[in-house]
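Working notes, structure below.
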2 protein chains.
Amino acid sequence: MTNIDNIDDKLREKGLRATAQRLMICREIDKAGHIEIESLYESLKKQIPSLSIATIYKNMHSLAEKEIITEVNVSGKKTMYELNIDPHIHLVCSECGNIEDIPFDTIKLVSNIKELSDRKISECKLTTVGICSKCLG
Amino acid sequence: MTNIDNIDDKLREKGLRATAQRLMICREIDKAGHIEIESLYESLKKQIPSLSIATIYKNMHSLAEKEIITEVNVSGKKTMYELNIDPHIHLVCSECGNIEDIPFDTIKLVSNIKELSDRKISECKLTTVGICSKCLG
DNA sequence: TTAGATGCAAATGTTTTGCATCATC
DNA sequence: GATGATGCAAAACATTTGCATCTAA
């Protein structure tokens, strides 16, 4: 669970340097909720013109490895990233395509599945398709 | 819900021609359970040397559009495909990386989420991480 | 001071496209 | 026979890599 206000410390805790680029990447992901590489690059290039897209890719890997961000994969969409925040699931809107978070206790779901299937399960990702709150009106 | 034995008819029902390539693609996906483009191509090229990878890509799109197959996205893995069979969820093995199906009533889960979140939701995909049956021994 | 991070440019990998030819219906 | 499917080659797009330079700790 990441709080964007302490992101400097969070990074150092995890053994990553708090570079300007890395901080801005985290803040931009936080601001966007879910964002893909190209959008991230376009947004940040305005602020750091020298920014290289290779730096973004490298950071996506290091941040994901340290579990500060998570890769979000949705069929038919480019890979996106989000900050690791409170447990939630995704709602992909079938009208507008946007992705919305729904607060949801995935911990409970995991124990549910464990009971039903008698397997060792440590985590889960749940993606739903439906109508987002904007389109619902 | 697709039965591989009637795949010819299934394709025609959906308005797709039952070409040799398309049939073999379906059978290979069925055989593999979950398969990525490159593996599919390598396997089938042995049987149809003239096969083009563009044909595979085109078929993945048409078959997915007709809901005969489904794209499977797992973080850190290439996009895979599976036949649409009975409701199930995925278990990505944290030991060996394999993907296993777990029979699971996603219909019930969807109505659960609807109740809890008061949203319009039509479908869901659930991916878990844990230990697969092979690695459990 | 030094290990890790960045930026650049080139290499590699993945997916799509246009079009001529072919095969299913 | 018409229309959709295939194969090819090229284009477009996405990701990774190596290395010199820079900078946070």
Side-chain angles (χ1 to χ4, degrees), chain A residues 6-29 34-66 68-69 71-81, chain B residues 6-29 34-66 68-69 71-81:
Chain A
N6 298 64
I7 194 68
D8 296 55
D9 294 336
K10 182 80 181 183
L11 290 170
R12 281 184 281 257
E13 256 173 48
K14 298 273 191 170
L16 296 176
R17 290 187 178 173
T19 65
Q21 289 85 341
R22 189 167 280 153
L23 289 170
M24 301 197 73
I25 286 171
C26 290
R27 291 202 194 99
E28 193 66 28
I29 298 176
H34 316 91
I35 198 166
E36 57 192 46
I37 299 286
E38 198 58 30
S39 312
L40 196 48
Y41 181 56
E42 291 308 324
S43 296
L44 296 183
K45 209 162 169 55
K46 288 174 195 157
Q47 303 167 64
I48 317 176
S50 69
L51 180 69
S52 161
I53 199 157
T55 299
I56 309 241
Y57 277 105
K58 284 168 187 166
N59 270 292
M60 292 305 105
H61 292 146
S62 52
L63 292 168
E65 170 144 6
K66 299 298 183 177
I68 293 167
I69 65 174
E71 205 178 302
V72 177
N73 292 108
V74 171
S75 297
K77 291 184 182 294
K78 291 183 192 161
T79 299
M80 286 172 302
Y81 295 88
Chain B
N6 298 64
I7 193 68
D8 297 52
D9 294 334
K10 182 82 181 181
L11 290 171
R12 281 185 280 255
E13 255 174 50
K14 299 273 191 171
L16 296 175
R17 289 185 178 173
T19 64
Q21 289 84 342
R22 189 167 282 153
L23 289 170
M24 300 198 74
I25 287 171
C26 291
R27 291 202 195 99
E28 194 65 29
I29 298 175
H34 315 91
I35 197 165
E36 57 191 47
I37 299 286
E38 198 57 32
S39 312
L40 197 48
Y41 181 56
E42 291 308 325
S43 296
L44 295 183
K45 212 164 167 50
K46 286 173 197 157
Q47 302 167 66
I48 317 177
S50 69
L51 180 67
S52 161
I53 198 158
T55 298
I56 307 241
Y57 277 104
K58 285 168 186 166
N59 270 292
M60 294 303 107
H61 291 147
S62 53
L63 292 168
E65 169 144 5
K66 300 296 184 180
I68 294 166
I69 64 173
E71 205 179 300
V72 177
N73 291 108
V74 171
S75 297
K77 291 186 181 293
K78 290 183 192 161
T79 299
M80 286 172 303
Y81 295 88

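Just so it is clear, the values below take in all heavy atoms, side chains as well, and ignore hydrogens, waters and symmetry mates. Chain letters run A, B, ... following the sequence lines, proteins first, then strands; residues in each count from 1.
The distance from atom CG of L11(A) to atom C1' of dA5(C) is 12 Å, rounded to the nearest whole Å. Put simply, CD on E13(B) is 17 Å from C1' on dT24(C), counting in whole angstrom units. Atom CD1 in I37(A) sits roughly 16 Å away from atom P in dT14(C) (whole-Å rounding).
Nearer the 5' end of DNA chain C, as judged by each residue's closest nucleotide, is the contact made by R17(A), out of R17(A) and R17(B).
Under the side-chain contact (heavy atoms from CB on, under 4.5 Å) criterion, K77(B) pairs with V74(B), M80(B), V92(B), I99(B), not counting sequence neighbours. By the side chain to side chain donor-acceptor pair (under 3.5 Å) test, S75(B) pairs with K125(A), sequence neighbours left out. Residues satisfying the side-chain contact (heavy atoms from CB on, under 4.5 Å) criterion with K78(B), sequence neighbours excluded, are E36(B). Partners of S43(B) under the side-chain contact (heavy atoms from CB on, under 4.5 Å) rule, at least two apart in sequence or in another chain, are E28(B). Listed by chain and residue number, N73(A) satisfy the side chain to side chain donor-acceptor pair (under 3.5 Å) test with T79(A) (two or more places apart in sequence, or in another chain). Judged as a side-chain contact (heavy atoms from CB on, under 4.5 Å), and not counting sequence neighbours, the contacts of T19(B) are R17(B), Q21(B), R22(B).
Shown here is E65(B), whose CD atom has no more than 12 heavy atoms of other residues, nucleotides or ligands within 6.0 Å.
What you find for Y41(B) and I53(B) is that their closest heavy atoms are CE1-N, 3.5 Å. Minimum heavy-atom separation, A18(B) to L11(B): CA-CD1, 4.1 Å.
Heavy-atom distances under 4.0 Å link DNA chain C to S50(A), L51(A), S52(A), A54(A), T55(A), K58(A), N59(A) of residues 44-65 of chain A, given in residue order. Near DNA chain C, meaning a heavy atom under 4.0 Å away, the residues from residues 18-29 of chain B are A18(B).
In summary, contact between chain A and DNA chain D, defined as any nucleotide atom under 4.0 Å from a heavy atom of the protein, begins and ends at dA14(D) to dA25(D) in the 5' to 3' direction.
Taking CD1 from I29(B) and CE from M60(B), the interatomic distance works out to 4.0 Å, rounded to the nearest 0.5 Å. Distance NZ/K58(B) to CG/L63(B): 14.0 Å, rounded to 0.5 Å. The distance from atom CG of N59(A) to atom CE of M24(A), rounded to the nearest 0.5 Å, is 12.5 Å. How far CG of D8(B) is from CG of L23(B): 4.5 Å, rounded to the nearest 0.5 Å.
Note on the helix from dT1(C)-dA25(D) to dC25(C)-dG1(D): terminal axis deviation equals 50°, with five pairs used at each end and the result rounded to 10°.
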